[in-house]
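Just so we're clear, the structure is a prediction, and the values are computed from it rather than from any experiment. Chain letters run A, B, ... following the sequence lines, proteins first, then strands; residues in each count from 1. Keep in mind that the numbers below use all heavy atoms, side chains included, and drop hydrogens, waters and symmetry copies.
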Amino acid sequence: MTGWIVLGVFVFILVVLVLYVIAVYNGLVSLKNNIEKAWSNIDVLLKQRFDELPKLIKVCEGYMQHEQKTLEAVIKARSQVSSARGGKQEIQAQNALTETLKSLFMVVERYPDLKADKSFRQLGARISELEDQIADRRELYNDTVNIYNIRIEQFPDVIIARMFNFTGRTLWQIDPSHRQDVKVSFSHM
Amino acid sequence: MTEQTKKRALIIEQVPVLTDELQETLRLLSTEHGIDIYTTRQRLLGGGLAHFGSGPLEKVTAIAGQLEQCGVNTWIIRPSKPKFGPKRLRGLEVRDDRIVFSLHNEEVELYKQDRVVAILADITGAVVDKQLKRLMARNIYEGVIDNSKLDDSEMRRAIYMGQPVYDLYLIDEENRIKSILRALPAKFDPKGLGEKASMSSRGNMQALVELTENFCENFTLHTSYGLSQLPGCQLKRAADSSDWVNDNLNSVVRFGWLMTDLARQLQRHRKKAEAIDGPSVGTVTAATLLGRPELAASGVLDEMPGLGEVIDEIDAAVKEQPKKEEEGKVDQRLPQPPPGRDREFSWRAMLTFFVTAGICMTLVLITEGNRLPGLVMNYGVLTGLLPGLAAALFFFFGFNLFLLKRRIENTPTSKIRSMAMGMVEIHGRARRKFALVAPMTHTPCVYYRLRKYRREDRGSERGTWKLTSESDSGHVPFYIEDATGRVTVDPKKAKIRAGSKQEGFPGQGNILFGGGGSYDETEKWVEEVIHEGKLLYVLGDAARLKKERKSLRERKIEKMRELKLDRAAMQKYDTDGDGRIDADEWQAAGEDIEQQVLHERLAEEGVAARQEDAIVIGRSKHRSHPFVITEMKSEESLTRNYAIFSGLMLTGALIAGIFTLKLTLDYFGIL
C-alpha cells in the first residue's frame, strides 16, 4: 500500500514538474517576444518622429537663416538613424537625434517670430508629445528586459534558460557623457 | 470681562462638499489660528448646522469673516441655556387675526405679526440619516459640485414618516422667548384645523405646520435637527439609551433654544446687510431712468405707484441670474449608466448544459431515478472517482492561478500616455465615466456586484442562506487614470476582485433601501464594490475603438446635396452673376467642399487621438489571455495572494490524489 502511495505521489510530482518546466519555458519565450514587441513599439514612435522632422526643419529654415549649423546637425542625425544597422548602433543614432533636437529647441528661444508661428507650435508640441511617449516606452522596454534578465538568472528558471540557450539582453542606455553634472553659467547672458 | 473677551460660539451651516477655495481657507485658518484642519473639515461637511468653535469675539469674528468669503453661512452667538421647556398642545382655534392654542390649563395666542421660530424634527433619527446619506450620494458622489441643500419638501415628508415633533417658539418684541408649544401626532385635537383635519395623525401634524407657516408673517422653520452637530443636540439611538425618546425630546428643546439665538443674530445680520448694500439694483436703475439718481437712496421710489412693481421685477431678474448659472452646473453631472445588456448567447454554455443534462437523464433512466444521488455518492467515493475529480479540479485551478501569477510578474507596467495596443498592465486610480452608484450602500463606485440570498425556513437546510439572484455592473465602463492620463476600461467578462464587501437586509435603517424602520430578515444582500478613487490593477487587452464613419466621398456628396438646397450658399459660387451655376462654378464648389470635408476629418482625428475614449482596455479575443481587474495595495501583494491560493490548491490536489489512489486500490483489490 505504502509503495503504491509513494509511486502515486512520485507520479504527481513528476507531472507537476513537467508542467512547471513547460510553464517556465513558455514564460521565457513570451518574455523574449515581449522584448521584441517593446522594441518595435518604440520604433513605431521613432518612425513617427522621423516623419515629422522634415516638416519641422522646413518651418525653421524660413526663420533661422543664421542657424544652419544646428539645422544641418538635425538633418545629419536623422540620416544616421535611417542608415543605422543593428540594435546598439540604432540606439546611439536615436540618442544623437534626441540631443540635436534638444539643441534645436534651445536655439529656437532666440527666434520669437518662429516661436509664435502656428505650424511650428503644432509641430513642436507633436514632437514633444512623441518624445514623452518614446521615453515612456524606453522605460517599458527596460522593464521588460530587466524582468527577462532576472528570470534567466534566477533559480530554478536559470536551469531551463541554460538548457535552451536563453541569453541576456542589453538595456537601452544613454551616452555616458550625459551622466556628468550640468555646469550652469550666467556670465554670458 | 469685556465684551471683546467674552466667549462666543461660532455656528456654521455645513456644506456638502469642500471646494478648493474652502480647503485653502482651512489651511490658512490652521496656520493663523492653530485650528486642527481635520476636525474643522469634519465639522464643515454635512447637511445641517455645526458648532465650528468658541472663543473671544475678535477671533471668532475673524474666522467667521474668512468662512463667509467662501460662501459658508455663519452665526456668532452667545448660546442661551434653556430656561423652560415646551407645553403640550391640546387643541387650537383659528380666528381672523390670531390662532388660539389650548394648553393644559392655559391658552396662548399667536398673532400674524408675531415672530416664531419652529422646529420640525424626527426623533428616531433613521429618516434623517437616510436623507443625509442620500444627500451625500447625490450631491457628492453623483458628480454634482454645487452646494445644493436637502430638498425641503422631501425632508419634511421624511420627518412625517418617522416620529415627528413640532415645537413653536414665540418670541416677544424684546427678542425673548415668551412661550414654547409642542405638538405631537395624535396628541392634539385636530378640530381647529377645520377642513384640513383628517383621520391621519401625521396628516394633521402636516396641516398644523402648514397653517402656522402660512399664518405668521415672521416665521422660521428648522428641519435640520439630527443632521446638525451642535452641543447638547445630539440625537440618540434606541441602541444608545433605554430612555432615548425622552433624551431626544430634551435635545430638541436645546436645539430650539439655539435656533432662537440664531434667529436673533440673523435679524441683526440682515439689517446690517441692507445698510451696507444700500438701494437695490432695481431702485438705482429706476432712479437713473427718471433722471433723478439722488432719489435712489431715499426710499421714495418704492412707494411711487407703478414704479415699485418695476423695481421688484428688475430685482427679481438680477436674483434669477445666479440661479441660471447654478442650473448650468447640473450639466457637469456624469451621464447615466447605459442599460444592462441581455446575456449573450453562448454555444459553449449551451453545449455544456445539454451534455450534463443528457448524462443525468441517462443515469436517472438506468438507476430508477430516486436512487441516483445515493448511488453516485457510494460508487463515486468507493471507486475514488469523486475524490479524483476533486483532485483534477484543484490541480486545474491551482495551476491556472500559478500561470496567472507568472504572467502578472512577467508583464511590466505601462503608462497610460504611451500605452501600446495589445496586452497591457496598468496601475492607477478608478474614476467613474458614468454616474454609477452601488445599489445597496448608495456609494459612488466604478463597479458593483450584488448577490441576493433568501433564508431557507423549511426542510433540512433550514436557516441556511440560498443565493436567489445576482447582478453586477459589468456592462458599465469606467476610467483608470495615472499621472500621465486616463483610459477607458470595459469590465465585461473580467475577473474582478473588489476591495469592499458589505452585507445588509432590505429596509435596514443604516442602509439605504428606500424604506426605514423594520426590515426583512429572511432576505440578505451582499454587495461587493470598487469605490471611486481606489487604486486598481488592470491586466487586459488595449484596443483602439473603431468608429463607423462616412467616407470622404460620402461626406462630400452629402455636403453637395446640402449646398444645392441652400440658395444663399449657392450664390457665393455664382461668380459671373448670371443666376445660374455652370459647370466651372460647380467644379469650384466641389473643390471647396472637398477641402472643407478633409479639414473636418483631420480635426476629428486630432481630437479623437487625444480623447480618453479612443482606446479601451477590455477582454482579448483570444480566450487564453487573462483580463484581471483588482483592487490592490501593490502588485507584490496580489501575486503573493495568487501564490498562496495556488499552493493551497495544488496541496489540496495532492491530498485528494493520494486519497483517490488509496480508494481505487482498495476498491479493485489490488492491495
Pick whichever of [options] has the most heavy-atom pairs under 4.5 Å with chain B.
| options | value |
| --- | --- |
| V44(A), V24(A), I13(A) | V24(A) |
| N41(A), L31(A), I150(A) | L31(A) |
| D132(A), N34(A), D143(A) | D132(A) |

Rounded distance [0.5 Å steps], [atom1] in [X] versus [atom2] in [Y]:
| X | Y | atom1 | atom2 | value |
| --- | --- | --- | --- | --- |
| R151(A) | E409(B) | CZ | CD | 5.0 Å |
| L140(A) | T411(B) | CG | OG1 | 10.0 Å |
| L661(B) | F12(A) | CG | CZ | 12.0 Å |

Closest non-hydrogen atoms of L403(B) and A23(A), given as atom of the first, atom of the second and distance, are CD2-CB, 3.5 Å
Nearest heavy-atom approach of R137(A) to S418(B) is NE-O, 2.7 Å
With a cut-off of 6.0 Å (strictly less than), are more than 12 heavy atoms of other residues, nucleotides or ligands near [atom1] of [X]?
| X | atom1 | answer |
| --- | --- | --- |
| Y141(A) | OH | yes |
| F396(B) | CZ | no |
| K32(A) | NZ | no |

Go through F395(B) and L19(A) one step at a time and tell me if the side chain to side chain contact (heavy atoms under 4.5 Å, CB included) criterion holds.
CA-CA 11 Å; F395(B) 186 79; L19(A) 287 174; 3.4 Å; yes
| Are R406(B) and D157(A) close enough for a salt bridge, meaning some N to O gap below 4.0 Å? | yes
inquiry  = Whether E129(A) and R417(B) form a salt bridge (side-chain N of Lys/Arg under 4.0 Å from carboxylate O of Asp/Glu) is what I want to check.
reply    = no
Discussion item. Is the distance from the ring center of F399(B) to that of Y20(A) below 6.0 Å?
Written reply: no
Turns out that what part of A653(B) lies under 4.5 Å from chain A's heavy atoms comes down to both
Highest number of heavy-atom pairs under 4.5 Å with chain A among L654(B), I658(B), T660(B) belongs to L654(B)
Turns out that what part of N146(A) lies under 4.5 Å from chain B's heavy atoms comes down to neither
